[in-house]
Number of protein chains: 2
Amino acid sequence: MVTIKDVARAANVSTATVSRVVRDKGQVGDKCRAKVQKIIKQLGYRPNTNARALVSKRSDTMGIVTPNLSDPFFGGIAQGIEEVARQMQYKVMMGNSLHDEEGEIEAIASLRENGCENIIIHSKYSSNETLIKLCEELPGLVLINRFIPSIAGRCVWLDNTVGGRISTEYLLNNNHKDIAVLTSYYNNQDPHDRIRGFKMAMEMAGHTVKDELIFVSDLKQVIKQGQNGGNLEGESTAKRLLESGQKFTAIIAYNDHMAVGAMNLLLDNGIRVPEDVSIIGFDNVYVSMIVRPQLTTINYPVVQMAKYAAQLSIDLTKDKENVENKTHLFMPELIERNSVYHLKES
Amino acid sequence: MVTIKDVARAANVSTATVSRVVRDKGQVGDKCRAKVQKIIKQLGYRPNTNARALVSKRSDTMGIVTPNLSDPFFGGIAQGIEEVARQMQYKVMMGNSLHDEEGEIEAIASLRENGCENIIIHSKYSSNETLIKLCEELPGLVLINRFIPSIAGRCVWLDNTVGGRISTEYLLNNNHKDIAVLTSYYNNQDPHDRIRGFKMAMEMAGHTVKDELIFVSDLKQVIKQGQNGGNLEGESTAKRLLESGQKFTAIIAYNDHMAVGAMNLLLDNGIRVPEDVSIIGFDNVYVSMIVRPQLTTINYPVVQMAKYAAQLSIDLTKDKENVENKTHLFMPELIERNSVYHLKES
DNA sequence: TTGAAAGCGCTAACAC
DNA sequence: GTGTTAGCGCTTTCAA
């Protein structure tokens, strides 16, 4: 292993000078710099990150905390973060948070110990208070897919209420009035916001919202298993809807996984999609494109948001002035495909 | 930040003693240990990983090198590794390798600089020579999904030839003889092995292999984009098959993504699956379960293999004797679902 | 513009 | 069984 000393010796300068050249900081004479750079290349010197982190208390490492990487939604987050990290010469460290507040806290603590200043967390389980406190301690902490007003500058989020609204409006425009909602019971904000959007749209159009057409998944365990869970959740919730015997011409699902589960249950029961029942999803993940009929859904630009979050985190630790107090809101968008049927007006 | 010195002072012992109890190594008196442990808890001391890595040249960090995390196949690998890493108190660091040998080498180099002894790599692009050399330098390097005989003890792999064979045999048992193959052009071994298995099975059953029914994807660019790419690849390759006007009753696809792409193309052209054409995939990823008809496929126990690889890597750096010279081969398995039709004997 | 030197927090060899 | 001490490779004052 070639160290800074080796370079210093070979270049006939001090280690301090080499350090300056490497970090491109401080004053160094032009030919001195050139000489050192040449030697560095020649010897193949690469600074030891641990030594560096030890003394400087920073490690150019980006931390990611998510519940589950095998779900492509989170995979997309990781991918997005990784891309800007590599571009900005950052390493990436993962903390799998499992499924509770303790897990999230522990993952962050572990990251911090490694000198990880920049952390992106998809927190489902920690309380607002916990996260607010964490944000105070860690200038580079950014929340993705969550919004807490008092730390708005740290939140990269999607307007789920709008998402719920536009999917409902689309259904309404296609003359669906008897709309069932299949939602997840996640204890975070998203499902509530999406339903809020649904109710807003219904009321704005002069329809009464029937609470008995809103079905909350009861598969508490299953959903923790990622995409498969979502699928099963959709199936079982749709089954309850069917068994309720109520009239409906369309379903709004919490996300694409649930939508596909519901669609399959319908199909397996001889109910045609979209001719008999229309379905609309949320997220616009890969499966929504490949199922038949292709799923009409709401785009969740998660990779883009992840990239934004990573960049934001870096900015927060580099040049604070420009960044604080901004708000980082992304907008959902309707992706029109083939799972919604245009009803004749009745 | 509380350091080892703080603990030593508070416990009235030397830092060396604290270090011993923290690492649970060396001789320490019982009450001395108890006292130190109590102080550690009290002060909330957690060792600085960078200082530790600096001096010991190891960092209890597991490195993962894969091309693309947003593909759930790789997400599964990451997930599996992460699980055993957390269990064994290791951190996880990612190196996204992009899509060339240089990227893979660079990712590994970066990991090593961080004192990462244990690295799991899914290498598609590096040559055997490169990997063999790397294995010599890095005792904790493990290859996943690749087999190189001279470093068999470092390779956790699946027998793709057997996979190709059993999927062919299954088709044969269902009286399909005119079998088309849609394969990827990846420059690694997998497609070749699977086709070899296909040819073996055909010949063993007394059928001649028609090379003109083997279609190699020509979408060099697209496949780099992960699952979507696979899907598109399947569509376009199936299209060429269709346009060739040849007779076939079944398709073997390189993987599930391609199978689904092919299935959708067939469906969109009014060809029924499996009644008109049967399809069999490979990998048993999530989508194979949720498409309709559900895809018959070959299980690739990737998460299990990833866990195994992670454990192997740790063993290799801990107690070498027991581990070297073993072979780490996993076997594919048929997953029977609904995309293969039982043909009447002709 | 450059160098000398202190020290980051920890481990490990050696001494007692 | 426990303490002393010399670094690991680097950054960063402070002096020159």
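Every chain is numbered from 1 and lettered A, B, ... according to where its sequence line falls, protein lines coming before strand lines.
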Review point. So, do Phe330(B) and Tyr300(B) have ring centers that fall under 6.0 Å from each other?
Key: no
Review point. Taking atom CZ of Arg9(A) and atom CD1 of Ile39(A), what is their separation to the nearest 0.5 Å?
Key: 12.0 Å
Point to revise | Nearest-Å distance for atom pair CZ/P, residues Arg112(B) and dG9(D) | key: 15 Å
Point to revise | Gap between atoms CG and C1', on Asp60(A) and dT11(D) respectively (whole Å) | key: 13 Å
**Study point:** Gap between atoms CG and P, on Asn12(A) and dA4(C) respectively (whole Å)
**Key:** 11 Å
Check your understanding: What pairs with Arg23(B) under salt bridge (charged side-chain N to carboxylate O under 4.0 Å, His left out), at least two apart in sequence or on another chain?
Key -> none
Review point. Between Thr49(A) and Glu113(B), does any side-chain donor sit less than 3.5 Å from a side-chain acceptor?
Key: no
Review point. Closer than 4.0 Å, any side-chain N/O of Thr17(A) to the OP1 or OP2 of dG3(C)?
Key: yes
Point to revise | Any donor-acceptor N or O pair under 3.5 Å, side chains Arg58(A), Asn118(A) | key: no
So which protein nitrogen or oxygen atoms get under 3.5 Å of nucleotides 14-16 of chain C's nitrogens or oxygens?
none

Review point. Does anything in residues 29-37 of chain B reach DNA chain D, meaning a heavy atom under 4.0 Å, and if so which residues?
Key: Gly29(B), Cys32(B)
Review point. Whole-Å distance between dC8(D) C1' and Asn114(B) CG?
Key: 16 Å
Review point. Within the side chain of Ser313(A), is there an N or O that forms a donor-acceptor pair under 3.5 Å with the backbone of Leu141(A)?
Key: no
Practice item. Establish, from distance only, whether the side-chain atoms of Glu101(B) and Thr130(B) form a donor-acceptor pair under 3.5 Å. Key: yes
When you compare the protein's N or O atoms with those of nucleotides 6-10 of chain C, which come within less than 3.5 Å of each other, and at what distance?
| residue | atom | partner | partner atom | Å |
| --- | --- | --- | --- | --- |
| dC8(C) | O3' | Lys57(A) | NZ | 3.3 |
| dC10(C) | OP1 | Tyr45(B) | OH | 2.6 |
| dC10(C) | OP1 | Asn48(B) | N | 2.9 |
| dC10(C) | OP2 | Ile4(B) | N | 2.3 |

Check your understanding: What residues, two or more places apart in sequence or in another chain, satisfy side-chain hydrogen bond (donor to acceptor under 3.5 Å, both in side chains) together with Gln37(A)?
Key -> none
Review point. When all nucleic acid strands are considered with a 4.0 Å heavy-atom cut-off, which category describes Val22(B): base, sugar-phosphate, or nothing?
Key: nothing
Practice item. Apply side-chain contact (heavy atoms from CB on, under 4.5 Å) to Glu106(B) and list each qualifying residue two or more places apart in sequence or on a separate chain. Key: Arg46(A), Ser110(B)
Review point. Which class fits the ring pair His122(A) and Phe73(A): parallel under 30°, tilted 30 to 60°, perpendicular over 60°?
Key: perpendicular
**Study point:** Parallel, tilted or perpendicular, as decided by the 30° and 60° cut-offs, for the rings of His328(A) and Tyr308(A)
**Key:** tilted
